[in-house]
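Each chain gets a letter, A, B and so on, in the order the sequences are listed, and its residues count up from 1.
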2 protein chains.
Amino acid sequence: MAKRELPFQSRQEFHEEGHRVFLPHLSVDCVIFGFHNDALKVLLLKWKQGPWCLPGGFIKHRESIDQSANRILKERTGLDSIFLEQFYAFGDPAREKGKRVKGAWIGKRFITIGYYALVEYSQVFPQPDLLSSECRWWDVDEVPELIYDHKEIMNKALYTLRLSLNDHPVGYNLLPEKFTMPQLQKLYETILGEPLDRRNFQKQMLSLNLLIRLKERKTGGAHKAPFLYKFDKKRYSSALQTGLRISF
Amino acid sequence: MAKRELPFQSRQEFHEEGHRVFLPHLSVDCVIFGFHNDALKVLLLKWKQGPWCLPGGFIKHRESIDQSANRILKERTGLDSIFLEQFYAFGDPAREKGKRVKGAWIGKRFITIGYYALVEYSQVFPQPDLLSSECRWWDVDEVPELIYDHKEIMNKALYTLRLSLNDHPVGYNLLPEKFTMPQLQKLYETILGEPLDRRNFQKQMLSLNLLIRLKERKTGGAHKAPFLYKFDKKRYSSALQTGLRISF
DNA sequence: TTTTCAATGTGTAAGATATACACAATAGTA
DNA sequence: TACTATTGTGTATATCTTACACATTGAAAA
């Protein structure tokens, strides 16, 4: 997969010429969630010789905010057309405390629009960019110190995700095509931060009529082989429109 | 009450000098809801020789977005410290289609951050500003054509309000201090857009333990006098923190 | 090969919550 | 004084949520 780049050749050119391409004072930050090894993960970027931060970017002059967020997401993950939703705009004038890039457009006050994405972990090949040295998944419980107010942004995304669990079967976006009921349950438990009853969970999930149990079972585990399930895409799509309600 | 003004003496000065005071490309629009005569209302502004629009404004360089929204709200209603919440940022580059103020900072592409407010109708004294000729309440079912994407913004606010009804006893903000159970029910019915059962509604509302029934009854109506209620402020505050759940 | 282990698959009863529903009381109006 | 439209109130049913235990099985260990 080709490495994707900013439309600039160097950090300096980006700082000097960014204002021609991007709207000033505005950025987009993405909280990209994945699920792996029974843990909820978030994709973070490390600035060269700097702290970790959320993958973000800027809004081009003739681009919608959604398009910007999709572009940024694609640059970091290689994915497009996955679940991506705006959740809040952060704009405390003190949020860049500590940032000192005098003069440059990037040194100005920024208001950032937060998006959260749900992606399938195994499909993602994290990509750093010109300004960053590393891009990798972190367990949400173990994220390091983040720059500016990015921890706050992440927490608000997590909170939003928790709420949206009720009207949105997030498993569809976060799990691989075929998955087991215990996996699905772990996902819910991780997002909600509390354990759920196995039998009741299964009952509720199946009662939504969105899951199809496959003939196969998942082998390789050390114990009894669980069934595999997949989402019924047709029902899933129409359920999203009607709006569904799950509660725990 | 003194008329509140923009920090400019004229429309022209505002257009020419606005960029010194405000962040470019960014605005805030408020969907201000009130409740009166059993109907949900929204406060709209009419541009001089132009269409109706949501009351909005711009973000000062050293002001948080919340502060901007509060300022704008105060300018239009005279109220402060009422319920005001950010709900979405709108930024389609085509949203200003039809707007033609060449050259001026205000003619640029704008991304607007939407807030919705819940206010007590009787407390509000609508104030037009330099740029507008009129400011008044409209029944949400009867709002006229609005400028740009303001109708979309209003609809999203309405949708958000509908959802937030579940974790937020909106009556506290929209109704006068003393109100009747039928009034409260009408409010819910209006927001939800569907009729509710009188007995079940009352049962649920009272079961929240947020209401205090007063000795007085409301007189003047043509029929049996209903009791008056008020919110139990203490319980209300603590319930908001714990998060409460109402469902219909 | 057998035993052990830890996880999976499954149903029912009790409790809580939501829904459906009807008649007596009353304040103002005619 | 009678009428009318609105308010106040309780119960039975259905639905949904919760709590809970044992037999099965695949792999690993003995």
Side-chain angles (χ1 to χ4, degrees), chain A residues 37-39 165-167 169 171 175-176 178-190 192-230 239 242-248, chain B residues 37-39 165-167 169 171 175-176 178-190 192-230 239 242-248:
Chain A
N37 279 144
D38 291 351
L165 209 51
N166 277 332
D167 354 76
L175 293 173
K178 300 174 184 180
F179 54 88
T180 67
M181 193 57 73
Q183 270 182 296
L184 185 60
Q185 183 174 342
K186 273 279 159 46
L187 173 58
Y188 274 77
E189 289 177 333
T190 307
L192 291 172
E194 61 182 4
L196 301 169
D197 181 272
R198 234 155 29 90
R199 280 163 293 186
N200 295 336
F201 179 81
Q202 169 153 323
K203 226 183 304 175
Q204 266 184 92
M205 281 297 148
L206 294 179
S207 75
L208 296 173
N209 283 317
L210 296 178
L211 298 182
I212 298 171
R213 177 190 278 193
L214 304 175
K215 295 265 157 57
E216 331 162 48
R217 290 163 171 262
K218 170 159 199 164
T219 58
H223 306 291
K224 183 172 181 178
F227 285 107
L228 284 167
Y229 291 83
K230 66 173 185 182
T242 327
L244 75 167
R245 187 139 286 270
I246 313 165
S247 63
F248 290 98
Chain B
N37 280 145
D38 290 350
L165 209 50
N166 276 333
D167 359 74
L175 292 174
K178 299 174 183 181
F179 53 90
T180 68
M181 192 59 73
Q183 271 183 294
L184 185 61
Q185 182 175 344
K186 272 278 160 48
L187 173 58
Y188 274 77
E189 289 177 333
T190 307
L192 291 172
E194 60 181 5
L196 302 169
D197 181 272
R198 234 156 27 91
R199 280 163 294 187
N200 295 336
F201 178 81
Q202 168 154 323
K203 227 184 301 174
Q204 266 184 91
M205 281 298 148
L206 294 179
S207 75
L208 296 174
N209 282 317
L210 296 178
L211 298 182
I212 299 171
R213 177 189 279 192
L214 304 175
K215 297 265 157 58
E216 329 162 49
R217 300 170 94 110
K218 172 161 196 162
T219 59
H223 306 290
K224 182 172 181 177
F227 285 108
L228 284 166
Y229 291 83
K230 66 173 184 181
T242 327
L244 75 167
R245 187 139 286 272
I246 314 164
S247 62
F248 289 98

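When distances are taken from the side chain of Pro182(B) to each of dA5(D), dG8(D), dC5(C), the shortest belongs to dG8(D). If you check dC20(D), dT4(D), dG8(D) against the side chain of Asn200(A), the one that comes closest is dC20(D). Side-chain proximity of Arg198(B) to the nucleotides dT7(D), dG11(C), dG26(D) is greatest for dT7(D). Nearest nucleotide to the Lys203(A) side chain, out of dT12(C), dT8(C), dT9(D): dT12(C). Distance from the side chain of Phe227(A) is smallest to dG9(C) among dG9(C), dT7(D), dC5(C). When distances are taken from the side chain of Ala222(B) to each of dG28(C), dG9(C), dG10(D), the shortest belongs to dG28(C).
For Arg217(A), the side-chain hydrogen bond (donor to acceptor under 3.5 Å, both in side chains) criterion is met by no residue, not counting sequence neighbours.
Taking all atoms of both residues into account, the shortest heavy-atom contact from Asp197(B) to Gln185(B) is C-NE2, 4.0 Å.
Atom CZ of Phe201(A) and atom P of dT10(C) are 15 Å apart (whole Å). The separation between Arg217(B) atom CZ and dG28(C) atom P is 11 Å, rounded to whole Å. Whole-Å rounding puts the Leu206(B) CG to dG8(D) P distance at 10 Å. Straight-line distance from the CG atom of Asp197(A) to the P atom of dT12(C): 16 Å, rounded to whole Å. If you take CD of Gln183(B) and C1' of dT6(D), they are 14 Å apart, rounded to a whole angstrom. Atom pair Gln202(B):CD and dT7(D):C1' shows a separation of 9 Å (rounding to whole Å applied). The distance from atom NZ of Lys224(A) to atom C1' of dT24(D) is 4 Å, rounded to the nearest whole Å. The interatomic distance linking Gln204(A) (CD) with dA19(D) (C1') rounds to 14 Å, in whole Å.
Evaluation of atom-type donor-acceptor distances gives no pair under 3.5 Å for the side chain of Arg199(A) against the base of dG9(C).
Screening Lys230(A), Gln202(A), Met181(A) for a side-chain contact (heavy atoms from CB on, under 4.5 Å) involving Leu211(A) leaves a single residue, Met181(A).
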